[in-house]
Each structure stands twice: as C-alpha cells, then as structure tokens.
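A note on names: the letters A, B, ... follow the listed sequences, proteins ahead of strands, and every chain is numbered from 1.
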Amino acid sequence: MKKLITVLGPTASGKTTFAAHLASRLDGEIISADSRQVYRGMDIGTGKDLADYRIGGNPVPYHLIDIRDAGDKYTLFNYQHDFHKVYSDVLSRNKTAILCGGTGLYIESVLKGYRLPDVPENTVLRKRLEPKSLDELTRILSSYKPLHNTTDTDTKKRAIRAIEIADFQRKHPASELDYPPVESVIIGLDIDRESRRQKISSRLKKRLDEGMVAEVQSLLNKGVSPDDLIYYGLEYKFVTLYVTGKINFGEMFSELEIAIHRFAKRQMTWFRGMERRGFTIHWLDFSLPVDEKIEKALVHIRNS
RNA sequence: GGUGCCAUAGCUCAGUUGGUAGAGCAACGGACUGAAAAUCCGUGUGUCCCAGGUUCGAAUCCCGGUGGUACCA
C-alpha cells in the first residue's frame, strides 16, 4: 500500500467533502493542494468551508490552509517545501496523509518530486532586464541552455524570472533541493460537464448571498491592493472589478461564471495531461453516495 | 389592417458591382517546474427564415409567404 492518498478533481466535484470522509474513515489528515486557500481572509471566494472538515461531530485535521496573509506571494517552491514538512509530520504520528486539491501543478510537483533550487530575487539583474523586449529576453534565456525545466516564457515577467533562475543555477550548480517523488494512489472525482456547470452557477449565487462582495471589500480595506486581488483570479478578480466600479453587477456575474467554467476545463486538461504523463487516476462518479465512493476508493487504496 | 426596416455560427453582428460566407464573444482542444484560480496557444461548429423565379452561378436581384420590429391607422 502506498503511503500517500491523493484526491483530485475540478472545482465543484465535491473532493473536499469526499476527502474528509475518507480521512475520518482512515484516521487520516488532509494536506490541501489549493493555491488560493493558503490565504487567510479569502474564504467565501475560495470555497474554504472549514465545516467540511468535521465528520460526525469529529474534526478532521487539515494542513496548508490559512498559512499566509492575503496579498502575500505564495509559490510552487513554497508549497513543495511546506508539503514535505507537513507530510513527514503526519507520517511520524502514524496517520494517513491525504493530499486533496484542485491545483494540478502543486499536486504534480509533489508526486514527481520537482527539483527546484531556492533562487532569491536578484534586483540588479531584474533592473537590467526590465527594459528589454520579450524577444530579447527569449534570446538571452536561450543562451543559458541547457535548461532542464522552466516555466512558459510567454510574458516578460516569466521570461525574467526564468533568466533569474538560470543565472542562479549557473553560479550555484548544486543548489536544487532534493525532494524525492512521492508514490501515491490517485482518486479523481469525475463530474460531467453539464452537472459541473450547473453546480458552479448555483454555487456562485450562494457565495454572493453569503457575502462574497463584503469579503473582497474587507480585503481591500485591510490594504490588499486591487491588482493583487485581480491576480488571484476568478471571484477575487471579478468582484474587485465590480467593487472598484470597472464593471457592473450583471457583467461581474456573467463574466465570473464563464471564467469559472473555463477554469474547471483547464483543471481537467491538466488532469488528463497527468494521465498522459503516466499517472493512473481512479475516477469516481461524483453523484455516487459518499459511502459507495469510499468503498470504491478503499479497494484502489488497498491494491496500491 | 397599411407602410418601412430586419431575418446569416450558441450570442452580437459583417458580408463590396451576384462567384456556395467571416469577425468578436461563447464553446471546444491543448501547453504550462517559481503568483498556476495565473499565463499562453490552437480550432468555425452554418438548411445564410421558407418556397418559387431570373442567372452559367443567388446570402446578395425579383415575387410570394412566415416571424420580428418601428411608425401610421
């Protein structure tokens, strides 16, 4: 049996509730893989329903939620580091670790054991690169080859970061942190497109009723910049645009709805990509009763 | 009831003097190892309202319907 259980799925597939039940059954703890739920104060918009982590009156321990202030920049590198810290802690207490979330990149970085060096910001280099065009930056980047892995470099910001990393690696050849790949059974929650769209739309109405606009307003009042909120995307982006008067309520609703639908599609593209890259995902239909999902999952877990 | 205008992709619309049609958005597919809910790339999916006519050839011109719309009664 593999030590780690991964639960993934697109937004609105019910993965959190399922993972909480699974944890409750296996005396497990949940390690979140959600790039936005790490932020404190971003609750309604991220669907951070902490009541989900309570099954039959008993709390299910969870990790990597509410670990940063809104407005902070939390990265893949931070996540990988935090995951391993928490993961070894859970194992040391003889608990079952359940990795659960919708951020495919975070999940894959852990499962594959991405090797990321700890590269600090190089302000001098950034200043020098800033005035250059994307074409020039791409040329500079190619002079650093061979690069084993790097982000896409479609924008100047990413190209500069890629150069920064490449430059650091050239000066510090043995700088990669060695996180080994983690073996895991992967359970995926499958929700057909039509149900997914319906759930997303009704959930959006519910979130607005629950005070999502006020939540964004309060983040702004606390000094989180509109640009940062917009960068966080989806709910935070469109509600910020609404609150700052850039769009009206109707536009906010319909554009946000569309953006969430597209986001769910991108998540599925990532998960399909993971399968192409060699991961086996055991898909369970979201509409099955919880108990049935648990039983099916347990079979896959025992066989792993 | 009369007259004008409109009817083309899921939506909003373009389409020249007649040569079987194309934009935006949506949708769909994909990439993606450092803010990934981000960022980026690709794909046109059509009874041109219906039925006749003119023509070698009709989304386009003519006639008759149907539906919508505006004004006049």
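Counting only distance, with no hydrogens or angles, the side chain of A:T46 and the backbone of A:M42 share a donor-acceptor pair below 3.5 Å. Judged by distance alone, the side chain of A:D69 and the main-chain N or O of A:D72 form no donor-acceptor pair under 3.5 Å. A donor-acceptor pair is defined here as one N or O able to donate and one able to accept, closer than 3.5 Å; no such pair exists between the side chain of A:T17 and the backbone of A:G14. Counting only distance, with no hydrogens or angles, the side chain of A:Y232 and the backbone of A:G71 share a donor-acceptor pair below 3.5 Å.
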- Task: For RNA chain B, just give me the dot-bracket, please: Watson-Crick or G-U, both distances below 3.5 Å, ( ) intra-strand, [ ] crossing earlier pairs, | paired with another strand, . unpaired.
- Result: (((((((..((((.....[..)))).(((((.......))))).....((.((..]....)).))))))))).
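Dashed line: the shortest gap from a side-chain N or O of A:T103 to OP1 or OP2 of B:A37 is under 4.0 Å. When the side-chain nitrogen and oxygen atoms of A:R276 are compared with OP1 and OP2 of B:G30, one or more of them lie within a distance under 4.0 Å. Between A:T269 and the phosphate of B:G30, there is a side-chain N or O to OP1/OP2 separation shorter than 4.0 Å. Put simply, A:S35 has a side-chain N or O that comes within less than 4.0 Å of OP1 or OP2 on B:A36. The side chain of A:R266 contributes no N or O atom lying less than 4.0 Å from OP1 or OP2 of B:C32.
The distance between atom CG of A:L105 and atom P of B:A31, rounded to the nearest whole Å, is 14 Å. Here B:G30 presents its P atom at 11 Å from CZ of A:R277, a figure rounded to the nearest Å. The separation between A:L229 atom CG and B:A38 atom P is 14 Å, rounded to whole Å.
Counting non-hydrogen atoms under 4.0 angstrom, A:Y74 reaches the backbone sugars and phosphates but no base. Within the nucleic acid shown, A:Y106 comes within 4.0 Å of sugar-phosphate atoms alone, with no base atom in reach, counting heavy atoms only. Backbone-only contact: A:L76 has heavy atoms under 4.0 Å from sugar-phosphate atoms and none from a base. Residue contacts shown for A:D72 are absent, as no nucleic acid heavy atom lies under 4.0 Å away. When heavy atoms are screened at a 4.0 angstrom cut-off, A:T11 is found touching no nucleic acid atom at all. Nucleic acid contact for A:Q267: none, since no nucleic acid atom lies under 4.0 Å from a heavy atom of the residue. Counting non-hydrogen atoms under 4.0 angstrom, A:G45 reaches a base of the nucleic acid.
Taking the six-membered ring where the residue is Trp, A:Y74 and A:Y79 present perpendicular rings, their angle passing 60° and hence far from 30°.
Applying the salt bridge (charged side-chain N to carboxylate O under 4.0 Å, His left out) test to A:K206 and every residue at least two apart in sequence or in another chain returns A:E210.
Taking atom P in both B:G52 and B:A58, one finds a spacing of 13 Å when rounded to whole Å.
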- Task: Go through the steps to decide whether A:K48 and A:D43 satisfy the test salt bridge (charged side-chain N to carboxylate O under 4.0 Å, His left out), and finish with yes or no.
- Result: CA-CA 5 Å; A:K48 190 195 295 168; A:D43 303 333; 2.9 Å; yes
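Electrostatic pairing of A:D89 and A:R93 counts as a salt bridge here, judged by a charged N lying under 4.0 Å from a carboxylate O.
A cation-pi arrangement is found for A:R277 relative to A:W270, the charged atom lying closer than 6.0 Å to the ring centre and inside a 45° cone about the ring normal.
Here B:A37 is the nucleotide among B:A31, B:G34, B:A37 with the atom lying nearest to any side-chain atom of A:Y236. If you check B:C32, B:U33, B:A37 against the side chain of A:L116, the one that comes closest is B:U33.
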Under 3.5 Å between N/O atoms: give me all the protein pairs with nucleotides 26-28 of chain B, atom names plus distance.
{"from": "B:A26", "atom 1": "OP1", "to": "A:R262", "atom 2": "NH1", "distance (Å)": "3.0"}
{"from": "B:A26", "atom 1": "OP2", "to": "A:R262", "atom 2": "NH1", "distance (Å)": "3.3"}
{"from": "B:C28", "atom 1": "OP1", "to": "A:R193", "atom 2": "NE", "distance (Å)": "3.4"}

